[in-house]
Amino acid sequence: NQGGGYIKGGANYNLNEVSNVFFNVGKISRQPQFDAVFPNYANEINPDLQNEEIRSFELGYGFTGSDLNFNINVYSTNWGNRFVTRSLTNQQGVDGFAQFRDIDVQHNGIEFEGNYQITNSTKINGMLSLGDWRYTKDFEAELFDENQQSIGTGTLYLEDAKVGDAAQTVMLFGIDQKIGRKINFDIDYRFVDNLYADYSITDSDFTQPDNQGALKLPSYGLVDAGLTGRFGKFTGRVNINNLLDETYIAESNSNIHTNPNSQTWNGIDTRNSVWFGFGRTWNVSIRYDF
């Protein structure tokens, strides 16, 4: 038996008819994944089994006016004692699994979102998210082959390295325009920066204390557009994502930094294992209200 639970609370105070302040706090003691109970793929219970511990705090301000609406908040979240299992293929092409123990990360940041009604037919909206997400200490890792046999252990030196796989700076600006009484056109520009590669046990950089940290991926900007039409009980919608067909790296699971002999694409060593984002895509939907 492994007990756990959470407690959360918060409050909101209206300063006047248009302004409010709020805060939220929480503490979670989360039971670990089942892989952590029986590590090493054996019928032996982990003698050092610990819950994941999550502590969060958020403080914010909101404004609701006749034309202008926005919210701004700051947050701080610590997530410790994480146990993660991942499937992978190592540099020799052997499939297997990796287990990572006692991961501890700190997420701090500030967020803003709002909209402004310029005229009865034109509205602008925007958002900004600035984060500083880092590993707070080094942690242990173990690698298993396809037969679930341990083939190596070691320490990953990620203290103070940036958390990967999610952009820590995102900005968006959009316009929503009414065209007559039945048609709406909207277009958004989203800019992504401070996106880092995720860690892997096969990254030789992280096996050494003196490393260059997580690989920073190139920033990119995407334009999305849409058209909505309402005709009686029918509503039609057309979306075009990545309107300009931008080519960009969406994520990477390797951290190979460049050197003087590197072959590169947009500043990234081509030996990295990356995923490119989708090119231009579109979809159409039709709704009927009975």
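The basis for the numbers below is simple: all heavy atoms, side chains too, and nothing from hydrogens, waters or symmetry mates.
For Arg101 (side chain) and Phe83 (main-chain N/O), no donor-acceptor pair under 3.5 Å exists by modelled atom type. For the pair Asp160 (side chain) and Tyr135 (backbone), a donor-acceptor distance under 3.5 Å is absent. Judged by distance alone, with hydrogens and angles left aside, the side-chain atoms of Asp245 form a donor-acceptor pair with the main-chain N or O of Arg280 at under 3.5 Å. Within the 3.5 Å criterion, the main-chain N or O of Arg271 finds a donor-acceptor partner in the side chain of Asp269.
Side-chain contact of Asn108 with Arg134: a donor-acceptor pair under 3.5 Å is absent, judged by distance alone. No hydrogens or angles considered: nothing links the side chains of Gln117 and Asp67 as a donor-acceptor pair under 3.5 Å. Counted by atom type alone, Ser29 and Asn51 present one or more donor-acceptor pairs between their side chains at under 3.5 Å. The closest side-chain donor-acceptor pair between Ser150 and Glu142 falls under 3.5 angstrom.
Within 6.0 Å of CZ in Phe278 there are 12 or fewer heavy atoms belonging to other residues, nucleotides or ligands. Atom CG of Asn16 sits in a crowded spot, with more than 12 heavy atoms from other residues, nucleotides or ligands closer than 6.0 Å. The 12-atom threshold is not exceeded at CZ of Arg190, counting heavy atoms of other residues, nucleotides or ligands nearer than 6.0 Å.
Between Ser252 and the options Leu195, Val274, Asp165, a side-chain contact (heavy atoms from CB on, under 4.5 Å) holds for only Val274.
Close placement of the Phe290 and Tyr288 rings is indicated, their centers lying within 6.0 Å of each other. Here the two rings, on Tyr189 and Phe173, have centers that are 6.0 Å apart or farther. Within the 6.0 Å centre-distance limit, the rings of Phe100 and Tyr199 are counted as a close aromatic pair.
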Given side chain to side chain donor-acceptor pair (under 3.5 Å), test Asn283 with Arg237 step by step and report yes or no. CA-CA 8 Å; Asn283 64 283; Arg237 172 75 180 175; over 6 Å; no
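Ring-plane geometry between Phe276 and Trp265 is classed as perpendicular, the angle between the planes exceeding 60 degrees on a 0 to 90 degree scale with a lower cut at 30.
Gln50 places none of its side-chain heavy atoms less than 4.5 Å from the side chain of Asp102.
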